[in-house]
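Working notes, beginning with the structure itself.
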Amino acid sequence: MTNLAARYVAIDVESTYGAGAASVARIYGEVDEESITQNFEIMSRDDFTRRGTRKTVEGTKYTTGDLSWAMLGDQFTGRMIGNAFGANSKSGSGPYTNAITETTDDGAFDSFEIFVGRDGKGTGSSKGTEYRYPGMVLDSLTIGANVNEYVMCSASFVGCGMEDAENAPVDPSNSDLHSGDAFHFINASVKFEGNANVSTRVKSVELSINLNRDTENAYALGNTTYTRAPPPQKREITGSIEFNQMIDSQVAERDEVFFKELAAGLLVDGTASSPALTLTFGGGTNESLVIKLFKVQYDPPSANINGRDTMTMSASFTVLYDEGENAMSSAVWTTTDSTDIMG
């Protein structure tokens, strides 16, 4: 029988990269899927006196994997969002407002030890096993909202090799998990070109922030795994928007993009006060995420029609660096959790 009680994912912030959490204070996430896996390279040696490979040895070890979950106003989600940007300024006394900005300091990002509870013989009462992965850093974060669905998040990680020791599971109690429900489509919206009115035509939106971690230059001689956090490289922000109808002209009330201008090649150069795109996701009382994208280059649009179905339109986009704002994006994370989402 499947042992659901032994399944969980938790994180804790490391004080020294790759050393694991000094005093474990697990931050549990309500995760739907996980695929955290240790990998290793095998070095082989050939010589021409034999028909095949004669010697092998394990080389570098590293961990990769993804986590997927419905967005919640909890510390786990806040940590993921904060580490997609790198800098945060928290204010308020409940609710708490986190003004999140893009950092220029590679050392500002957190590294985590990730704890994964899985089915297995184990040694604890729940008969599972906990696997521990130190030195894990966020590589990318994707957020998506669709009609009649929860707002979903997906985070990709890279990090050091798995700890060898077998550990008893530390199952979360109800108090370790968020009491509120996840964010869903009813409180999601998109605004175009600084317009104060939300679009009434968007049926789905997705945004991906990729840090492009440089894993190759995280190794050093004398070690089989990373000796420093893989540094972020070129920041990439991409996304897509699907509309519930064909839009062939702009409505001043909402300033939505339309087919002809997209087909001609549309670049919207906004500002922090009037961004090209504003994405809002809401949960329970005093729980929300607002992301501003300053400068957006749209790809050619796609218009789909099938039989007697309604014609729809979609467009993907790339966020550019805005010299006027010295950034590509910013975010505001409002929550009832008092814990800082960075550090």
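Note that these values count all heavy atoms, side chains included, but never hydrogens, waters or copies made by symmetry.
Ion pair R79/D110 flagged as a salt bridge, since at least one NZ, NE, NH1 or NH2 atom sits closer than 4.0 Å to an Asp/Glu carboxylate oxygen. We find that R7 and E34 are not joined by a salt bridge, their nearest charged nitrogen and carboxylate oxygen being 4.0 Å or further apart. Contact check on R26 versus E130 returns a salt bridge, with a Lys/Arg side-chain nitrogen under 4.0 Å from an Asp/Glu carboxylate oxygen.
Remark: aromatic rings of W333 and Y96 are distant, center separation not under 6.0 Å. Ring-centre distance between Y8 and Y28: below the 6.0 Å cut-off.
One side chain, D47 or T49, offers a donor N or O that lies under 3.5 Å from an acceptor on the other. For N167 and T129, the side-chain atoms include no donor-acceptor pair closer than 3.5 Å. Residues S208 and T142 have side chains that bring a donor and an acceptor to within less than 3.5 angstrom of each other.
For the pair R118 and Y131, the cation-pi test (distance below 6.0 Å, angle within 45°) is passed.
Aromatic ring orientation, Y226 versus Y62: parallel (interplanar angle below 30°, classes split at 30° and 60°).
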Show your working on side chain to side chain contact (heavy atoms under 4.5 Å, CB included) between F185 and N148 and close with a plain yes or no.
CA-CA 6 Å; F185 78 102; N148 209 34; 4.0 Å; yes
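You'll find the side chain of I237 reaches within 4.5 Å of the side chain of E102, heavy atoms only.
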